[in-house]
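Notes follow once the structure below has been shown.
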Amino acid sequence: MNSLGFENLKKRSEFLSIRKNNISIYSKFLIINLKNNKYNDRFRLGLTVSKKQGGAVKRNYIKRVLRAIFIKNCSNVPKNYDYEIIPKKNFSECTFSSLEDDLLKILRKIE
């Protein structure tokens, strides 16, 4: 576990097991796939950004923004889940605060 309170998903098998679980939530800017995990004190986060979003610089920027939102709102995230976050095509049209509101709205539904 890192100092942020969550772990990153890295392996393809972890992402595939989340998708196989088949719980998906769609919002205005994001798609969130989730799965119960065995850890009660933290959550795990995986970010998937398609090449359709842009080049490597743009994709890394999107991941940094999403990670920053999770770090800022770590206390509001239900802890016993693995999350895969996929930004939609209209991601570039949103602001940080609108994206944060969108994500918090989804997280309230999960609890």
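Residue numbers start at 1 and run along the sequence shown. Just so you know, these numbers come straight off a predicted model, no measurement behind them.
Applying the ring pair (Phe, Tyr, Trp, His ring centres under 6.0 Å) rule to F43 yields the partners F6, F70, Y83; only residues at least two apart in sequence or on another chain are considered. Residues satisfying the side-chain contact (heavy atoms from CB on, under 4.5 Å) test with K11, not counting sequence neighbours, are S13, E14. With sequence neighbours excluded, no residue forms a side-chain hydrogen bond (donor to acceptor under 3.5 Å, both in side chains) with K105. With sequence neighbours left out, T95 forms a side-chain contact (heavy atoms from CB on, under 4.5 Å) with S97, S98. Residues meeting the side-chain hydrogen bond (donor to acceptor under 3.5 Å, both in side chains) test with S75, sequence neighbours left out: none. By the side-chain hydrogen bond (donor to acceptor under 3.5 Å, both in side chains) test, N36 is found to be paired with no residue, residues two or more places apart in sequence or in another chain being considered. Listed by chain and residue number, E84 satisfy the side-chain hydrogen bond (donor to acceptor under 3.5 Å, both in side chains) test with T48 (two or more places apart in sequence, or in another chain).
In this structure the side chain of D82 never reaches within 4.5 angstrom of the side chain of L45, judged on heavy atoms. Residues N76 and L104 are in side-chain contact: their nearest non-hydrogen atoms beyond the backbone lie under 4.5 Å apart. The side-chain heavy atoms of I71 and C74, taken from C-beta on, include no pair separated by under 4.5 Å. Side-chain contact between R44 and N37 is present, with at least one heavy-atom pair separated by less than 4.5 Å. Considering only heavy atoms from C-beta on, N33 stays 4.5 Å or farther from I23 through its side chain. Within the 4.5 Å cutoff, the side chain of L99 has heavy atoms near those of the L30 side chain.
With side-chain heavy atoms closer than 4.5 Å counting as contact, directly or through intermediates, the hydrophobic cluster containing Y26 also holds I31, I86.
A chain of hydrophobic side-chain contacts below 4.5 Å, direct or via other Ile, Leu, Val, Met, Phe, Trp or Tyr residues, connects F91 to L103. Cluster membership check: F15 does not share its hydrophobic cluster with I25, using side-chain heavy-atom separations under 4.5 Å among Ile, Leu, Val, Met, Phe, Trp and Tyr. Cluster membership check: I106 does not share its hydrophobic cluster with I18, using side-chain heavy-atom separations under 4.5 Å among Ile, Leu, Val, Met, Phe, Trp and Tyr.
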Could you walk me through whether I32 and Y81 pass the side chain to side chain contact (heavy atoms under 4.5 Å, CB included) test, one step at a time?
-> CA-CA 11 Å; I32 297 184; Y81 289 100; over 6 Å; no
Report the C-alpha separation of I69 and F96 in whole Å, then their side-chain angles, then the decisive distance to 0.1 Å, and conclude whether the side chain to side chain contact (heavy atoms under 4.5 Å, CB included) test is met.
-> CA-CA 8 Å; I69 290 173; F96 186 88; 3.5 Å; yes
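The heavy-atom pair separating N21 from L34 by the smallest distance is ND2-O, 3.0 Å.
How far CG of L47 is from CZ of R64: 12.0 Å, rounded to the nearest 0.5 Å. Atom OG of S50 sits about 8.5 Å away from atom NZ of K89, to the nearest 0.5 Å.
For the salt bridge (charged side-chain N to carboxylate O under 4.0 Å, His left out) condition, no pair includes a residue of residues 26-37, sequence neighbours left out. Applying the salt bridge (charged side-chain N to carboxylate O under 4.0 Å, His left out) test to every pair with at least one member in residues 92-104, sequence neighbours left out, gives these pairs: K72-E100. Applying the side chain to side chain donor-acceptor pair (under 3.5 Å) definition to pairs two or more places apart or across chains, none involves residues 51-61.
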